[in-house]
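Working notes, structure below.
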Amino acid sequence: MPMTAPQRLRRLLATLVLAAGPALANEVADPSVVVNTQSLPAITAATPPGNPYRGQARAIEIGRHAFNQACARCHGVDAVNKGQVGPDLLRMDRACSRIADPAIREMCVLDNDDFFLKSVQDGKTRVGVVHMPAWKDVLPPAAIWTIRSFLESRKP
């Protein structure tokens, strides 16, 4: 029995996903990305949880350069996402901003900080396909926090 047009389309898409899978599964963080955070306060065991560089102009500047080196390919230059494959990171804290209680809003932001740090460090892999490479061997936490600071500065 001949295949219908939707069946042919599904088979073609499945073939493309299987063919692209190995290439995507081997995606790695670009080891040539270098982020100099020496001008920022060091992160120590005594540093409180969350983004230690939130709102700091120098960190935001460093984060912009780091973002454009490491993240723009998938999330858009200067985090302007116009149909890129990665999600729009400027929307990340939208739910927290709607919380009226300041203490609960702060907990939400701290949860997002933790999620952001772990996502960048460990990357995102689903069904064996790397959607975002792990950056833990390329970007130290200080560099990741500068990127988070830059993204927060871009919020409307």
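- Side-chain contact between Phe116 and Ile147 is present, with heavy atoms from C-beta onward closer than 4.5 Å.
- Using a 4.5 Å cut-off on side-chain heavy atoms (C-beta onward), Leu139 and Val35 make contact.
- Legend: residues meeting side chain to side chain donor-acceptor pair (under 3.5 Å) with Asp88, ordered by chain and number and at least two apart, are absent.
- Hydrophobic clustering keeps Val85 apart from Val80 (ILVMFWY residues linked when any side-chain heavy atoms are closer than 4.5 Å, directly or through intermediates).
- Both Val120 and Val33 belong to a common hydrophobic cluster when Ile, Leu, Val, Met, Phe, Trp and Tyr are linked at side-chain heavy-atom distances under 4.5 angstrom.
- Taking OG from Ser119 and CG from Leu89, the interatomic distance works out to 9.5 Å, rounded to the nearest 0.5 Å.
- Judged as a salt bridge (charged side-chain N to carboxylate O under 4.0 Å, His left out), the pairs with a partner in residues 68-77 (not counting sequence neighbours) are, in order, Glu27-Arg73.
- With sequence neighbours left out, Phe150 forms a ring-ring contact (aromatic ring centres under 6.0 Å, His included) with Phe67.
- By the side chain to side chain donor-acceptor pair (under 3.5 Å) test, Thr146 is found to be paired with no residue, residues two or more places apart in sequence or in another chain being considered.
- Annotation: salt bridge (charged side-chain N to carboxylate O under 4.0 Å, His left out) contacts involving residues 31-41, sequence neighbours excluded, are absent.
- Residue pairs meeting the side chain to side chain donor-acceptor pair (under 3.5 Å) criterion with at least one partner in residues 74-84, sequence neighbours excluded, are Arg64-Asp78, Asn68-Asp78.
- In this structure the side chain of Pro41 never reaches within 4.5 angstrom of the side chain of Thr47, judged on heavy atoms.
- With sequence neighbours excluded, the residues that form a salt bridge (Lys or Arg N to Asp or Glu O under 4.0 Å) with Lys118 are Asp114.
- Following chains of ILVMFWY side-chain contacts shorter than 4.5 Å, one can reach Leu151 starting from Leu40, so the two form part of one hydrophobic cluster.
- The stretch residues 124-146 participates, sequence neighbours left out, in these salt bridge (charged side-chain N to carboxylate O under 4.0 Å, His left out) pairs: Asp122-Lys136.
- Considering only heavy atoms from C-beta on, Gln121 stays 4.5 Å or farther from Trp135 through its side chain.
- Residues Val138 and Pro31 share a closest heavy-atom pair of CG2-CA, 4.0 Å.
- Applying the salt bridge (Lys or Arg N to Asp or Glu O under 4.0 Å) test to Arg91 and every residue at least two apart in sequence or in another chain returns nothing.
- Counting only distance, with no hydrogens or angles, the side chain of Ser149 and the backbone of Tyr53 share a donor-acceptor pair below 3.5 Å.
- At least one donor-acceptor pair under 3.5 Å links the side chain of Gln69 to the backbone N or O of Val34.
- Under the rule for a side chain to side chain donor-acceptor pair (under 3.5 Å), Thr125 has no partner lying at least two apart in sequence or in another chain.
- Counting heavy atoms from C-beta outward, Leu117 and Arg148 have side chains that stay 4.5 Å or more apart.
- Sorted by first and then second residue, the salt bridge (charged side-chain N to carboxylate O under 4.0 Å, His left out) pairs involving residues 45-60 (not counting sequence neighbours) are Arg54-Asp113, Arg54-Glu152, Arg58-Glu61.
- Placement of Ile43 and Ile62 within a single hydrophobic cluster is found when ILVMFWY residues are connected by side-chain heavy-atom separations under 4.5 Å, directly or transitively.
- Applying the 4.5 Å side-chain rule to ILVMFWY residues, one finds Ile99, Ile104 in the same cluster as Met107.
- Taking CG of Leu90 as the start and OG of Ser153 as the end, the distance is 9.0 Å to the nearest 0.5 Å.
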